[in-house]
Undergrad: 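Please read through the structure below; I'll follow up with questions.
Proteins get letters first, then strands, A, B, ... in listed order; numbering begins at 1 in each.
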Amino acid sequence: MASMKGKPLQMGFYNGSTPDIAVSLLGKVLLHIVDGNILSGRIVETEAYLSQGDPACHAARGMTPRNRPMFGPPGRAYVYFIYGNHFCFNITTAPEGVGEAVLIRALEPVSGREEMSARRNTSDGRLLCSGPGRLCQALGIDRSCNQADLSSGSLLLLDDGCIYDDIVAVPRIGIKTAADLPLRFYPAGNQFVSRRT
DNA sequence: TGGCAGATTTTA
DNA sequence: AAAATCTGCCAA
């Protein structure tokens, strides 16, 4: 069916540096099948979190029960609960033993808009998936998705050939340390990013 | 546009 | 105990 068009990203996709992968993820489709519904969106905003020189990274102070997935193999989900209300979805990168990941901050809705609107309690397309907590609510991503292999199963990353050029690199959102590193990426002018500043 | 409450987990 | 990779609502 058209909404599932595209090939799942394989291990080889995760070979480069984490910032490079964060850029390469722009345009890919994140898809979640829940209760037979296909919920998906195109990735339009990412942030890289690094193991070296990046105190804002959850893994900066070594492995803990929460950040353990970051130290696992690449291409898996790292989902955590934050601020008492929200989930954040990350994609693990770097070889096993190295704690790095890419936070997905915004999607452009692709399929399952009606179901996503119901989950988000809004029909405003811009408010559906523009923000790390919002996209998790829209796609039904929660703790049960943690560590999922994103190349197979009900939570998938797909390549349908979409390429963005003119990618912007700017400082990340909501962090207090390493706040100057330009590790946040999005296509210039994209209307679905969480903030345009 | 800006400030703040909300509500829970994790870590120090 | 304090901070946390946030969001929605409300007042100006």
Side-chain angles (χ1 to χ4, degrees), chain A residues 17-23 25-26 28 30 39 41 43-72 74-94 98-109 116-148 150 155 157 167-186 190-197:
Chain A
S17 72
T18 294
D20 285 350
I21 294 167
V23 170
L25 281 167
L26 296 171
K28 303 299 185 286
L30 177 64
L39 309 177
I43 297 172
V44 296
E45 183 181 352
T46 60
E47 286 181 357
Y49 286 85
L50 311 179
S51 58
Q52 299 296 319
D54 184 8
C57 179
H58 281 180
R61 269 153 278 162
M63 200 185 329
T64 66
R66 177 177 67 163
N67 69 23
R68 170 182 290 279
M70 295 183 83
F71 292 86
R76 305 284 184 89
Y78 167 44
V79 179
Y80 61 87
F81 191 63
I82 192 69
Y83 293 125
N85 288 299
H86 313 286
F87 292 103
C88 287
F89 171 75
N90 299 252
I91 298 164
T92 63
T93 59
V98 180
E100 307 202 340
V102 173
L103 170 68
I104 305 304
R105 288 196 54 92
L107 308 175
E108 174 180 349
M116 292 195 278
S117 294
R119 289 172 177 273
R120 289 275 305 124
N121 199 33
T122 177
S123 52
D124 185 332
R126 299 258 186 97
L127 296 179
L128 243 35
C129 302
S130 295
R134 289 168 175 169
L135 71 90
C136 283
Q137 187 180 21
L139 296 209
I141 293 172
D142 60 22
R143 247 183 283 277
S144 70
C145 301
N146 199 23
Q147 291 185 284
L150 300 172
L155 185 59
L157 272 176
I167 303 301
V168 186
V170 296
R172 296 169 294 182
I173 305 280
I175 57 173
K176 301 219 161 105
T177 56
D180 52 332
L181 299 179
L183 293 174
R184 174 179 176 235
F185 308 98
Y186 60 88
N190 188 281
Q191 296 302 296
F192 291 90
V193 301
S194 61
R195 297 195 212 177
R196 246 147 300 166
T197 50

Undergrad: For DNA chain C, please output the secondary structure as dot-bracket, reading 5' to 3'. Pairs are Watson-Crick or G-U wobble, both atom distances under 3.5 Å; mark crossing pairs with [ ], other-strand partners with |, unpaired with a dot.
TA: ||||.||||||.
Undergrad: Quickly work out the A/R172 CZ to C/dC6 P distance and round it to whole Å.
TA: 11 Å
Undergrad: Just checking A/I175: base, sugar-phosphate only, or nothing, at a heavy-atom cut-off of under 4.0 Å?
TA: sugar-phosphate
Undergrad: Would you say the rings of A/Y78 and A/Y80 are close, in the sense that their centroids are separated by under 6.0 Å?
TA: yes
Undergrad: Nearest nucleotide by nearest heavy atom, which residue falls closer to the 5' end of DNA chain C, A/P132 or A/K176?
TA: A/K176
Undergrad: Return yes if a side-chain donor-acceptor contact under 3.5 Å exists between A/T92 and A/R76, otherwise no.
TA: no
Undergrad: A/H86 NE2 to C/dA3 C1': how many Å, rounded?
TA: 15 Å
Undergrad: Would you kindly give the CD-to-C1' distance between A/E45 and C/dC6, to the nearest whole Å?
TA: 13 Å
Undergrad: Atom CD1 of A/I104 and atom P of C/dC6: how far apart are they, to the nearest Å?
TA: 14 Å
Undergrad: Kindly determine whether A/L107 and A/L139 satisfy side chain to side chain contact (heavy atoms under 4.5 Å, CB included), including the steps that lead there.
TA: CA-CA 10 Å; A/L107 308 175; A/L139 296 209; 3.9 Å; yes
Undergrad: Mind calculating the distance between CG (A/D124) and C1' (C/dG8) to the nearest angstrom?
TA: 13 Å
Undergrad: How would you summarise protein contacts on nucleotides 7-12 of chain B per nucleotide, using B for base, S for sugar-phosphate only and - for none, with heavy-atom distances below 4.0 Å?
TA: BBSSS-
